[in-house]
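Report on the structure given below.
All figures in this text were calculated on a predicted structure; none of them were measured in a lab. Naming: A, B, ... by sequence-line order, numbering from 1 per chain.
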2 protein chains.
Amino acid sequence: MKRKVSLKDIATEANVSAAAVSYVLNGQEHRVSPDMAHRIKTIARKLNYRPHHIARSLKTRRTNTIGLVVANISYRFTTGITRAIEAEAKKHNYSVLIGSSDEELPKFNDLINVLVDRDVDGLILLPVDQSEKEIKELIKSDTPFILMDRYFPDIPTSYIALDNYRAAQEYVDYLAALGHSNVAFINYDASMYHLRERTRGYVDAMKRHKLPANAKWNKTIRREMFDDDMRKAIDQVCAQPSEKPAIIFASDTLAIKGIRYLNELGKRIPEDISVISFDESEAFELFNCPVTHGRQPLEEMGRMAVQTLIDVMENENVNRQVLLRSGFVKGGSCGER
Amino acid sequence: MKRKVSLKDIATEANVSAAAVSYVLNGQEHRVSPDMAHRIKTIARKLNYRPHHIARSLKTRRTNTIGLVVANISYRFTTGITRAIEAEAKKHNYSVLIGSSDEELPKFNDLINVLVDRDVDGLILLPVDQSEKEIKELIKSDTPFILMDRYFPDIPTSYIALDNYRAAQEYVDYLAALGHSNVAFINYDASMYHLRERTRGYVDAMKRHKLPANAKWNKTIRREMFDDDMRKAIDQVCAQPSEKPAIIFASDTLAIKGIRYLNELGKRIPEDISVISFDESEAFELFNCPVTHGRQPLEEMGRMAVQTLIDVMENENVNRQVLLRSGFVKGGSCGER
DNA sequence: TAAATTTTGTTAATCGATTAACTATTTTTA
DNA sequence: TAAAAATAGTTAATCGATTAACAAAATTTA
């Protein structure tokens, strides 16, 4: 690649010092005469000057880059949130470096190190299960960061997340209002707080409606026994000799697998069973019945994440916790129509 | 953030010059005595030295970063290829900066400029429709880059893509072998070469089988009239008073929309009509019939893309064109079983 | 009018690492 | 043993931009 035009080239051409050029090109015009400012800007444009970020960063200690560690690049949530974050970052003149932890702690750590090594100015993290220790280390290291989608209530960090507790309650309320009294909840058995909040919301809402939320209805799936556990859970829910049941799936992956098994069993949705999924999925597109599901306010999350991170970067003691309300898309999978 | 440990800190502590430290830490150990090399490495480890990429880049003019411009971050193809590229890039000690053009030419140009401004060492591009001019400019600018998935046969660039011509023929052959003689092809009307190759493959294969590939069967959809054109195309295909037809959709988005409309029409797949999709989609997951589709060799594409780009970066006159063979996943949407 | 202030610049150090060019010492070769 | 070569380092310039500190000239103030 050819060498680019440098500040000095402009300075030479304009017969002034490099400092003057730097001032003019960085909003410090008032330090030189209007004439000179104009001359420099004209020449810069003529030579098609592009500032050399690297050199600037070396001096300013800022790279105008933020690091984003997502849980898995192929989640639907990821693509949406990435897009929103990049858009907002661009507005503030930041680029985004993305890494995917694939939900694995070692990769998560690696990525943080790589990004910090690359001198990102700050980090937006979707922490993986069991990463509390790492997050605490990160606080100590003085690296500006915020958590997103997932967080640890006991660790005082800034975060932007969904109000999962509230969303879960709303789903139960919705099903209860439709006359359901047998509402199952199928969740991963992960220790992640945002997932536990979903279960807590379910349980509390069921109690409030005086409906059962015991082990018969409140199910967990181990990732390493995904298929088996899912089958067992659904078999048990369907075995209850009572009125038409409903299942709330705590994630899209759970919903897809669950609905597939319900299909295998010949259960019709919503005639034989109602279904709600916490997240949406492309897989619902061609399903014979539109699936009622939550909708994460991705744009808003992305926007707030970037804005909050910038605040944190600019002011060490910013500490902001945001819980956003989930949207709710009524399909037909609860027999709505 | 705290100041990091610098080369100089190590030099001071070890009582040697910074140059010596630099040599030792960059595989030039032979320039100093084993003793000293050992002492320096010990101290570097003790102080937890992390090289300052920015400073290094300023001097070496390399950032060890490659830029990737995808067509749309939410395509399934994108997530897969991104993952593959990042993995391979990491092996070669490169980071990846990603941008999404959303199939829009102005965004595509912007992104290239942003990435070049950020001093990426090279670019992997999925060019958008009508971007020939920009690609030619890029060649002139001496920026190392390769094209991926899409390319322009008249522009001498390196590229990694699918053999779309061949894949389309294979689908026709497959349908013909199943006894189909009415095979429709539904494609976008875009001018992009990789899409035209799909149509060309279809037409040539139909001719070879002495089957009709005229306007009745060979359909195009305008993006700006997507729904209308799709309905018309499918209505016409279904209106042909003849035996059971088949449709090959030239992309997953076309397939999803098409299958939805077939559903609306009450057409059963594969009883009333056979369907093949060029690309796979998550949306097929919950469809009542597994959809027969192509499968792009993502890992291989990503690997070859990074390797080729590195070759191009290291050696100006590398010019490599690679056409990979698509995979083929037989579902049941052609009445296979 | 003299002092103080503002305007309009410049100079030079600096960020952290790389590397060509050099020196001094030791070892090898002929 | 003298010359050549290898070994073991160091010095100092450099990458491109930023910015504190300075200085000369012009303008304002008292």
Side-chain angles (χ1 to χ4, degrees), chain A residues 1-44 47-65 93 116-121, chain B residues 1-44 47-65 93 116-121:
Chain A
M1 279 197 265
K2 299 169 200 159
R3 201 184 66 84
K4 296 196 300 185
V5 174
S6 74
L7 260 196
K8 215 171 179 182
D9 296 334
I10 300 177
T12 306
E13 175 109 2
N15 225 321
V16 297
S17 69
V21 179
S22 176
Y23 288 131
V24 170
L25 265 30
N26 288 289
Q28 304 250 84
E29 282 196 40
H30 62 270
R31 297 206 43 165
V32 304
S33 64
D35 261 33
M36 185 162 161
H38 182 255
R39 199 163 84 251
I40 288 174
K41 283 195 281 186
T42 306
I43 293 177
L47 299 183
N48 189 29
Y49 171 70
R50 322 253 64 200
H52 195 293
H53 287 97
I54 307 250
R56 172 182 286 166
S57 292
L58 180 58
K59 185 65 186 169
T60 62
R61 332 242 62 188
R62 302 182 60 238
T63 55
N64 273 56
T65 306
N93 199 26
V116 169
D117 255 18
R118 291 257 162 196
D119 295 292
V120 295
D121 295 332
Chain B
M1 281 198 264
K2 300 167 199 160
R3 201 184 66 84
K4 296 196 298 182
V5 175
S6 74
L7 261 198
K8 217 171 178 180
D9 296 333
I10 300 177
T12 307
E13 174 108 1
N15 225 322
V16 296
S17 69
V21 179
S22 175
Y23 288 131
V24 170
L25 266 31
N26 287 290
Q28 305 249 86
E29 283 196 39
H30 62 270
R31 298 206 42 166
V32 304
S33 64
D35 261 34
M36 186 160 161
H38 182 255
R39 198 163 85 250
I40 288 174
K41 284 195 281 187
T42 307
I43 293 177
L47 298 183
N48 189 27
Y49 171 71
R50 322 253 63 199
H52 195 291
H53 286 97
I54 307 250
R56 171 182 287 166
S57 292
L58 180 57
K59 184 65 186 173
T60 61
R61 332 241 62 193
R62 301 182 60 236
T63 55
N64 273 56
T65 305
N93 198 27
V116 169
D117 255 18
R118 291 257 162 197
D119 296 291
V120 295
D121 295 332

Inset, instruction - Could you tell me whether the phosphate oxygens of dT18(D), OP1 or OP2, come under 4.0 Å of any side-chain nitrogen or oxygen in Asn26(A)? - result: yes

Legend entry - side-chain contact (heavy atoms from CB on, under 4.5 Å) partners for Thr42(A), two or more places apart: His38(A)

Inset, instruction - Note down the inter-axis angle between the two ends of the helix from dT1(C)-dA30(D) to dA30(C)-dT1(D), five pairs each, to the nearest 10°. - result: 40°

Inset, instruction - Return the set of residues passing salt bridge (Lys or Arg N to Asp or Glu O under 4.0 Å) with Arg62(A) (not counting sequence neighbours), or none when no residue passes. - result: none

Legend entry - Contacts of His53(A) that satisfy side-chain hydrogen bond (donor to acceptor under 3.5 Å, both in side chains) - sequence neighbours left out: none

Legend entry - nucleotides 6-15 of chain C: protein proximity per nucleotide (B base, S sugar-phosphate only, - neither; heavy atom, under 4.0 Å): --BBBB--BB

Inset, instruction - Respond yes when some side-chain nitrogen or oxygen of Arg56(B) is under 4.0 Å from OP1 or OP2 of dG16(C), and no when none is. - result: no

Legend entry - Contact under 4.0 Å: Ser22(B) side-chain N or O vs dA17(C) OP1/OP2: no

Legend entry - Whole angstrom value for the distance that separates C1' of dT18(C) from CD1 of Ile54(A): 14 Å

Inset, instruction - Check the distance between dG16(D)'s C1' and Asp9(A)'s CG and give it to me in whole angstrom. - result: 10 Å

Inset, instruction - Would you kindly give the CD-to-P distance between Gln28(B) and dG9(D), to the nearest whole Å? - result: 15 Å

Legend entry - Partners passing side-chain contact (heavy atoms from CB on, under 4.5 Å) against Tyr23(B) (at least two apart in sequence or in another chain): Ala19(B), Gln28(B), Arg31(B)

Legend entry - Expected output: side-chain Thr60(A) to main-chain Arg56(A) donor-acceptor under 3.5 Å: yes

Inset, instruction - Hey, could you give me each pair passing salt bridge (charged side-chain N to carboxylate O under 4.0 Å, His left out) that has a residue in residues 7-24 of chain A? Not counting sequence neighbours. - result: Arg3(A)-Asp9(A), Glu13(A)-Lys46(A)

Inset, instruction - Would you kindly give the CG-to-C1' distance between Leu25(B) and dG16(C), to the nearest whole Å? - result: 13 Å

Legend entry - Non-neighbouring partners of Thr63(A) that pass side-chain contact (heavy atoms from CB on, under 4.5 Å), sequence neighbours left out: Ser57(A), Thr65(A), Asp119(A), Asp121(A), Ile54(B)

Inset, instruction - Could you check how far CZ of Arg50(B) sits from P of dA17(C), rounded to whole Å? - result: 12 Å

Inset, instruction - Have a look at Ser6(A) and say if it touches a base, only the backbone sugar-phosphate, or nothing, with a 4.0 Å heavy-atom cut-off. - result: sugar-phosphate

Inset, instruction - Mind running side chain to side chain contact (heavy atoms under 4.5 Å, CB included) on Tyr49(B) and Ile43(B) for me, showing each step along the way? - result: CA-CA 9 Å; Tyr49(B) 171 71; Ile43(B) 293 177; over 6 Å; no

Legend entry - All side-chain contact (heavy atoms from CB on, under 4.5 Å) counterparts of Ser33(A), not counting sequence neighbours: Asp35(A), Met36(A)

Inset, instruction - Establish, with yes or no, whether the OP1 or OP2 oxygen of dG16(C) is under 4.0 angstrom from a side-chain nitrogen or oxygen of Tyr49(B). - result: no

